[in-house]
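Since the structure comes first, as structure tokens, the remarks are kept for the end.
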Amino acid sequence: LEANSRRRSKARFSKQAVQTLEAWWQAHSDKPYPTDEDKLALAKQTDLTMMQVATWFGNRRVRLQKTGMLSAAEIALQSGISRSQANKQLCVRRAKELNDETKHMHGQAAAAFDALA
């Protein structure tokens with residue numbers, strides 16, 4: 001980073017704050033989108049701002065989506081796309097992951113073969 005860059009340092013929430021947010025997430029896993037009232041209550045409980053609470057939930061959904069644990073229906077709802085488009089995105093992502101895994105395994109097998117030669 002350049003010296004004049006204004007990048008914020010990563011905020012670390014307290015263990016209690018994360019536990020409170022995680023508990024809400026687990027209790028509402030079918031629709032992990034807190035209302036403004038929910039965010040306000042969570043902000044008061046955790047000593048965070050409403051924006052920090054909203055960002056935490058957004059980041060949580062993105063992390064799950066990246067790991068493929070978010071369903072097509074949840075992705076469609078979050079992204080405003082059709083369920084079939086969301087399914088296609090999940091399939092393409094998984095195909096890329098499998099391709100990367102195959103390349104990695106092929107590289108390991110080639111290295112093992114070279115080691116035997």
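Every heavy atom of this structure was used, including side-chain atoms; hydrogens, water molecules and symmetry mates were not.
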Below 3.5 Å, can you tabulate the donor-acceptor pairs from side chains in residues 14-21 to any protein atom, sequence neighbours excluded?
from	atom 1	to	atom 2	distance (Å)
S14	OG	A17	N	3.0
T20	OG1	Q16	O	2.9

- Minimum heavy-atom distance K31-W24, with the two atoms named: O-CH2, 4.3 Å
- Task: Using a 4.5 Å cut-off on heavy atoms from C-beta on, say whether the side chain of F57 contacts that of L42.
- Result: yes
- Query: Taking all atoms of both residues into account, what is the closest heavy-atom pair of K39 and P34, and its distance?
  - Reply: CE-O, 3.3 Å
- Members other than M51 in its cluster, when Ile, Leu, Val, Met, Phe, Trp, Tyr link by side-chain heavy atoms under 4.5 Å? none
